[in-house]
Amino acid sequence: LQSSNGLTALVYAALFNHPAVVRRLLRAGADTAARSANGKTALQLAKEKGHAECVEAFKKHVQEVVAGRPTATAAGGAGAGGASSGGASSAGSRVAKTLSPAVAAGRASSGVVAVSDAVVAAAGRGEEEAVLAWLEGGGRVDATFEHTFGDGSRASGMTLLMIAMANGHAELAEALLRRGADVSLHASDGSTALGLAAANGREKLVELALRHGAEIDQRHCTK
C-alpha cells in the first residue's frame with residue numbers, strides 16, 4: 001500500500017526524531033533505502049532536520065552490519081517492556097485530541113454496534129475496561145469510525161487499535177490484538193497502527209505491531 005506522501009515507519013521515526021524507534025525498526029530489518037515522496041531516505045531526513053541521535057542510530061547500525069553482528073532483536077527482548085522514546089513531535093503528532101462529531105453512537109442501520117465518541121475517548125485514554133465492556137456488548141474489534149486528530153486533520157476508517165497505538169497504550173493494544181484486531185488495516189488517509197506508533201515515538205507499540213505481523217516497510221500517511 002502506498003500513501004500520498006509515501007513514508008515508511010522508519011522514515012517517520014527519523015523525521016520526527018524518535019531515535020529509540022529508529023533503532024528498533026533497524027534491528028527488525030527496515031529498508032534504509034526507502035525514500036519519501038521527495039526522494040529523501042530516513043537518514044537524509046534525519047541529517048537535514050539535525051536529529052543527531054537518529055543519525056547516530058544509523059551509523060551504529062551500519063557498524064554492526066559491517067562487523068557481522070546480529071541486529072535483529074527477538075520478540076520480547078530489550079525494550080519490550082520499556083517506555084516510549086518520548087512524546088510525539090509537535091510537527092508530526094497524530095495523537096488524537098478532538099473527537100469527530102460525525103461519529104454516530106448507538107447502533108448502525110446494519111444492526112452492528114457503532115463506535116461511539118465515548119468509546120473512542122476511552123481508547124484514547126487507555127481505559128481497557130471500558131473498551132472491553134463495549135466489545136462484550138456486541139462491538140466489533142475492527143469497527144471503523146471517522147476521527148479528527150489534534151492537528152485538525154480527519155480520517156475515516158480509523159480503528160480502536162490505531163487510537164491505542166497512537167496514544168501509547170500498550171495494554172489496551174495487546175488486549176485488542178488478543179481479540180483479533182487487524183494490525184494491517186489502514187484509514188482513509190493511509191494511517192496504520194504501525195505508522196501512528198512510529199510517528200509518535202511509541203517504541204513498545206512499534207515492537208508490538210511488528211510482532212503481530214505489521215509490514216515493516218509498508219508506506220503510511222500521517223499528516
How about [X] and [Y]: do any of their side-chain heavy atoms sit closer than 4.5 Å?
X: Met162; Y: Leu185; result: yes
X: Ile163; Y: Phe145; result: yes
X: Val206; Y: Glu203; result: no
X: Asn17; Y: Cys54; result: yes

How close do [X] and [Y] get, counting heavy atoms only, and between which atoms?
X: Leu176; Y: Ala164; value: CD1-CB, 4.4 Å
X: Ala122; Y: Ala130; value: CB-CB, 4.0 Å
X: Ala173; Y: Leu205; value: CB-CD1, 3.7 Å
X: Gly195; Y: Thr192; value: N-OG1, 3.0 Å

Output yes when a side-chain donor or acceptor of [X] lies under 3.5 Å from a complementary backbone atom of [Y], and no otherwise.
X: His61; Y: Arg23; result: no
X: Asp217; Y: Asp31; result: yes
X: Asn200; Y: Arg202; result: no

More than 12 foreign heavy atoms under 6.0 Å from CD of Glu48: is that the case here? yes

Identify the residue among Val141, Leu172, Val119 that makes a side chain to side chain contact (heavy atoms under 4.5 Å, CB included) with Leu160. Val119

Please determine which of His169, Lys204, His212 meets the side chain to side chain contact (heavy atoms under 4.5 Å, CB included) test together with Glu174. Lys204

Working to the nearest 0.5 Å, report the span between OG1 of Thr32 and CG of Leu25. 12.0 Å

